Q: 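A single structure is presented below for examination.
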2 protein chains.
Amino acid sequence: MSRTPDFDRDEIIGKAMEVFWNKGYENTSMRDLMDATGLLKGSLYNTFGSKEKLFMLCLEKYSVYSRGLFYKKGDPKEYLVKFFKRLVDEGVKKDFTKGCLIMNSCLEFMGKNALGEKASDMFAATELNLANVAKAIAEENSSLEVDKVKTNLISAAFSIREISKFRKDRKFLKQIANNALRDFDLMI
Amino acid sequence: MSRTPDFDRDEIIGKAMEVFWNKGYENTSMRDLMDATGLLKGSLYNTFGSKEKLFMLCLEKYSVYSRGLFYKKGDPKEYLVKFFKRLVDEGVKKDFTKGCLIMNSCLEFMGKNALGEKASDMFAATELNLANVAKAIAEENSSLEVDKVKTNLISAAFSIREISKFRKDRKFLKQIANNALRDFDLMI
DNA sequence: CCCTTTCTTGACCTATCGGTCAAATAGCAC
DNA sequence: GTGCTATTTGACCGATAGGTCAAGAAAGGG
């Protein structure tokens, strides 16, 4: 019938996502996207329409990736400890300065456009995940105020992700995590 | 002897600081600075040399402003409560999306150039201020681990400043503050 | 093998970026 | 008022931004 694309669409979105995640939307140029994907400008526009539409697809891909890390079943306390250990371990890596694409996008777009709305929804989903973990723990320990501790958890996660962009201090980042975890008698 | 400038240098830096604070360094154009200061491009370059040098002067001005809010004497607990009340009250304002210039600059520049180093120093000074408050409270309540609670305070301040850019939720922001304040048996 | 359709290529577009500079202007000392 | 000097002005610079598009290339159905 006609010529078929020379690339895998989803693979391109993944590569673009990495660039956007590392550099942010505004600071990523079409040149950067061309270099990262191996596609020329015309192909990118022919396939995705615009930089903004491509970014939206990247956000959606990140959303899927992110949901894959959500709590589903098993020991909720163990989940929580692993969750924060991962944040700290990634955070202290010298070349890890990209943080979390959801939080980055909330900061970059909120109140500006549809990307901000999408990012906000994803932030809310992350929050709900932590609320679900807190709820699961509360079933064994009824004295927990789920809404309060959920806020402490998301705030700590946010702090670690953002501060670790510029402060590679394991003790410092661990302390932030432990401050939220103490409600559950947990530590990392 | 010769012609004198038509403007007050410090006033111009103040106006430029507001723009940088609101929009960030990269997202601020010379056009923005010209509009905000009322000076033409040539005058800005003639006076400050470059956009980067002007930003450095803005950082220094912010540093002075910031140090003016540090704890010096008086009731340290009262200081802490006022400190966080201010963060929350400013944070919930609909048009307050600029956060803190120090934190913004740490996130924008760290590891890139001299602006990042300057911002890092200013962040450390803010941290020291909170450590001093914690120390003053610890003199009355010796069971406090100053370094730990200092980390909780700076982390909470960071979270409130950043999250409030995109989440105008007083209950949420207050909870973040209270999570750090509970070490001192304080609440807002 | 050919024709249709789609994808690919890269030159080109306008707008804007930070920055420069020669000419015009205006303070101040005398 | 005159002359020196610094400031002001805005046109101009090359680089780069996101985006467009006509022409060339290639895949698939017949």
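Computed from a prediction, not measured in an experiment: that's the story for all the values here.
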Q: Just how far, in rounded Å, is C1' of dA6(D) from CZ of R9(B)?
A: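 About 15 Å, once rounded to whole Å.
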Q: Considering only side-chain heavy atoms of R3(A), which listed nucleotide, dT6(C), dG19(D), dT7(D), is closest?
A: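 Per side-chain heavy atoms of R3(A), the pick is dT6(C).
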Q: Just to verify, which of K165(B), K98(B), R161(B), K23(B) counts as forming a side-chain hydrogen bond (donor to acceptor under 3.5 Å, both in side chains) with N104(B)?
A: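 Only match with N104(B) under side-chain hydrogen bond (donor to acceptor under 3.5 Å, both in side chains): K165(B).
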Q: Looking only at the side chain of K51(A) (C-beta and beyond, no hydrogens), which of the listed nucleotides dT6(C), dT7(D), dG19(D) gets closest?
A: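 Within the option list, the nearest is dG19(D).
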Q: Can you check the E52(A) CD to dG19(D) P distance for me, whole Å?
A: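 In whole Å, dG19(D) P lies 8 Å from E52(A) CD.
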Q: Taking NZ, NE, NH1 and NH2 as the nitrogens, is one of them in E139(B) or K135(B) under 4.0 Å from a carboxylate oxygen of the other?
A: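 Salt bridge: no.
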Q: Rounded to the nearest 0.5 Å, how far does CG of L40(A) lie from OH of Y45(A)?
A: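 Nearest 0.5 Å value for the OH-CG distance: 13.0 Å.
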Q: Give the rounded distance in Å between these two atoms: CG of L33(B) and P of dT16(C).
A: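 It is 16 Å, rounded to the nearest whole Å.
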Q: Roughly how many Å is it from CD in E26(A) to P in dT16(D), rounded to a whole number?
A: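 To the nearest whole Å, that distance equals 18 Å.
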Q: Check ring pair (Phe, Tyr, Trp, His ring centres under 6.0 Å) between Y65(B) and all other residues, then give those that pass, not counting sequence neighbours.
A: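 Ring pair (Phe, Tyr, Trp, His ring centres under 6.0 Å) list for Y65(B), sorted by chain: Y62(B).
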Q: Quick one: which of dT8(C), dT8(D), dA17(D) gets closest to the side chain of P5(B)?
A: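 Minimum distance to the P5(B) side chain belongs to dT8(D).
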Q: Starting from C1' on dC17(C), measure out to CG on N27(A) and report it in whole angstrom.
A: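 Answer to the nearest Å: 13 Å.
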Q: Quick one, which residues of residues 34-49 of chain A touch DNA chain D with a heavy atom under 4.0 Å?
A: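 Output list: K41(A), G42(A), Y45(A).
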Q: Select from F7(B) and T28(A) the residue whose nearest nucleotide in DNA chain D is closer to the 5' end of that strand.
A: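 Closest to the 5' end, via its nearest nucleotide, is F7(B).
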Q: R31(A) has a side chain; which of dA27(D), dG27(C), dA17(D) sits nearest to it?
A: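 Of the options given, the side chain of R31(A) lies nearest dA17(D).
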Q: Between D147(A) and K171(B), does any side-chain N to carboxylate O distance fall below 4.0 Å?
A: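 Answer for the salt bridge query: yes.
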Q: Between F166(A) and F123(B), what is the ring plane arrangement, given parallel below 30°, perpendicular above 60°, and tilted in between?
A: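 Aromatic pair F166(A)/F123(B) classed perpendicular.
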